[in-house]
Amino acid sequence: MSSPDTTTTTTNNTEGTTTTTTTDTNLQDQTTTKDTQSPKEEVTTTTTTEEEKKEEKAGEETKKTEESGEIKQTEPNSRLFDSVEHEKEYISGHERSCIFEERLAEGEKLKAEGNGLFQEKKYDLAAEKYFEGLYHVDFDQLQYNFELMDVHREQLDKIRVPLLLNLSFCHLNEKDAQKSVHFATLVFDFDKTNMKALYRRAKAYVALNDYDKAKEDLALCAKNHKLNAEVRRLYEHVNEEVKRQKKESDELLRAKLSKHYAKDKTEEEKSQEGGKMGKVWNALSYLNPLAYMKSSGEQNKTADSSESK
């Protein structure tokens, strides 16, 4: 007789034997319960963060690129953006016209809006307007150099250069000197010796404590332009700071060298003292050989006794 919690199954085999199998129903119940609970556990463990989703998506895109044999883009098409991802994200959320005149007008309008925010010292919002304006009047180097006529390039530069200068100034006021350097540098694509761009970038270099590069920009500015009082003051400050840093560097180097030479001198003096004692013993051996031999014998005895101990 089987217990109420077990099930007995009898099977007749082809060889004439009978096999009896007893199954514990409690075990089946537990297994069934465990199976019904497992989906909840899976849901908990498969929860991923946004960063993991982005990494997974990037991995899938890389895999598709490798399978298709395409070359993965590593640099943005426009120098306005710091990465390919930033460029794609910005383009997906901002439309712009294909007509040159409309893009020019939109850039002018956004520059005026940015200037209003700048006057209110809302530098972060002004920077957004300036950047959007730049996006509308942005053309790659091939388009700029070979597709546009001279008159179009002049119209474009009249808007682009002020936008870049203002954007550089906004980032400097927002304590982001690295971006300030970047946008000031883009001005030199259109004007190699632009005074305001050199001055803006020099101020950004000062904020980065890179006085040598600041001095280079201000020297180029002085070479090509008559300096106003503001630029001259910055130039004087930078020159003084470069001299001060050089003096500190020289003093530090001098201290290291003197310490090194002092160590070498001590070792040399010790060597010289040893040489002098040798000369004394040699003189004694010459003047009084018996005394030298006696002294040498005593030294040898002392050495032997110390070794025997």
Looking only at atom types and distance, does a side-chain atom of Asp138 sit under 3.5 Å from a main-chain N or O of Leu134, one as donor and one as acceptor? no

Is there a donor-acceptor contact under 3.5 Å from the side chain of Glu154 to the main chain of Val151? no

The test is side-chain contact (heavy atoms from CB on, under 4.5 Å); show your working for Leu186 and Arg79 and say whether it passes. CA-CA 8 Å; Leu186 293 183; Arg79 293 175 66 196; 3.4 Å; yes

Using a cut-off of 6.0 Å, state whether more than 12 heavy atoms not belonging to Lys111 lie near its atom NZ. yes

Same cluster or not: Leu220 versus Leu227, using hydrophobic residues (I, L, V, M, F, W, Y) connected whenever any side-chain heavy atoms lie under 4.5 Å apart? no

Quick one: are Arg233 and Glu230 in side-chain contact, heavy atoms under 4.5 Å? yes

Ring-ring centroid check Tyr90 Phe81, cutoff 6.0 Å: yes

Close side-chain approach of Glu108 and Leu104, heavy atoms under 4.5 Å: no

For Asp157 and Tyr144, what are the C-alpha separation, side-chain angles and deciding distance, and is it a side chain to side chain donor-acceptor pair (under 3.5 Å)? CA-CA 10 Å; Asp157 292 350; Tyr144 182 82; 2.7 Å; yes

Identify whether NZ of Lys or CZ of Arg in Arg103 sits under 6.0 Å from the centre of the six-membered ring of Phe139 and within 45° of that ring's axis. yes

Common cluster, Leu80/Val187, ILVMFWY with side-chain heavy-atom separation under 4.5 Å: yes

Is any side-chain heavy atom of Thr193 closer than 4.5 Å to one of His225? yes

Between Phe169 and Phe118, is the ring centre distance below 6.0 Å? yes

Same hydrophobic cluster for Met195 and Leu198, using side-chain heavy-atom links shorter than 4.5 Å among ILVMFWY? no

Under the salt bridge (charged side-chain N to carboxylate O under 4.0 Å, His left out) rule, what do Lys109 and Glu106 come out as? Steps first, then yes or no, please. CA-CA 5 Å; Lys109 186 188 87 169; Glu106 189 66 21; 3.5 Å; yes

Might you point out which heavy atoms bring Gly107 and His136 nearest each other, and give the distance in Å? N-CB, 4.4 Å

Let me confirm one number: the CZ-OH distance from Arg200 to Tyr205, rounded to the nearest 0.5 Å. 15.5 Å

In this structure, would Val242 and Val231 fall into the same cluster of hydrophobic residues linked by side-chain contacts under 4.5 Å? yes

List the atom of Pro76, the atom of Glu87, and the distance in Å for their closest heavy-atom pair. CA-OE1, 3.2 Å

May I ask you to check whether over 12 heavy atoms, not counting those of Gln245, lie within 6.0 Å of atom CD? yes

Apply salt bridge (charged side-chain N to carboxylate O under 4.0 Å, His left out) to Lys213 and Asp217, showing your working. CA-CA 6 Å; Lys213 287 185 177 180; Asp217 279 351; over 6 Å; no

With a 4.5 Å heavy-atom cut-off, do Asp140 and Gln143 have their side chains touching? yes

Donor-acceptor pair, distance only, cut-off 3.5 Å: does the side chain of His94 make one with the backbone of Glu89? no

Distance, nearest 0.5 Å, that separates CD of Glu128 from SG of Cys170: 10.5 Å

I would like to know whether Leu218 and Glu216 meet side-chain contact (heavy atoms from CB on, under 4.5 Å); could you show each step before the answer? CA-CA 6 Å; Leu218 292 168; Glu216 289 176 9; over 6 Å; no

Quick check: do Leu163 and Val137 have side-chain heavy atoms less than 4.5 Å from each other? yes

Between Tyr130 and Phe183, does the ring centre distance come in under 6.0 Å? no

Closest approach of Asp82 and His86, non-hydrogen atoms and distance? OD1-ND1, 3.2 Å

Same cluster (ILVMFWY, side-chain, under 4.5 Å), Val161 and Leu110: no

In terms of side-chain geometry, is the basic nitrogen of Glu248 or Arg244 positioned less than 4.0 Å from the acidic oxygen of its partner? yes

Atom of Leu148, atom of His152 and distance for their closest heavy-atom approach: CB-CB, 4.1 Å

Search all heavy atoms of Val238 against all heavy atoms of Tyr211 and return the closest pair with its distance. CG1-O, 3.6 Å

Quick check: closest heavy atoms across Ala207 and Leu172, and the distance to 0.1 Å? CB-CD1, 4.4 Å

Cationic N near anionic O, under 4.0 Å, Arg153 to Asp150: yes

Which distance, rounded to the nearest 0.5 Å, do you find between the CZ of Phe131 and the NZ of Lys179? 8.0 Å

Apply the test side-chain contact (heavy atoms from CB on, under 4.5 Å) to residues Phe100 and Gln155: give CA-CA distance (whole Å), side-chain angles for both, the deciding distance (0.1 Å), then the verdict. CA-CA 10 Å; Phe100 178 82; Gln155 292 173 345; 3.5 Å; yes

Other residues, nucleotides and ligands only: do more than 12 of their heavy atoms fall within 6.0 Å of CD on Glu95? no

Are the side chain of Ser92 and the backbone N or O of Lys88 linked by a donor-acceptor pair below 3.5 Å? yes

Counting distance only, does the side-chain N/O of Glu75 pair as donor-acceptor with the main-chain N or O of Val84 below 3.5 Å? no

Under 3.5 Å: donor-acceptor pair, side chain of Arg201, backbone of Ser180: no

Evaluation steps, side-chain contact (heavy atoms from CB on, under 4.5 Å), between Asp124 and Glu174: CA-CA 7 Å; Asp124 54 338; Glu174 286 293 298; 4.0 Å; yes

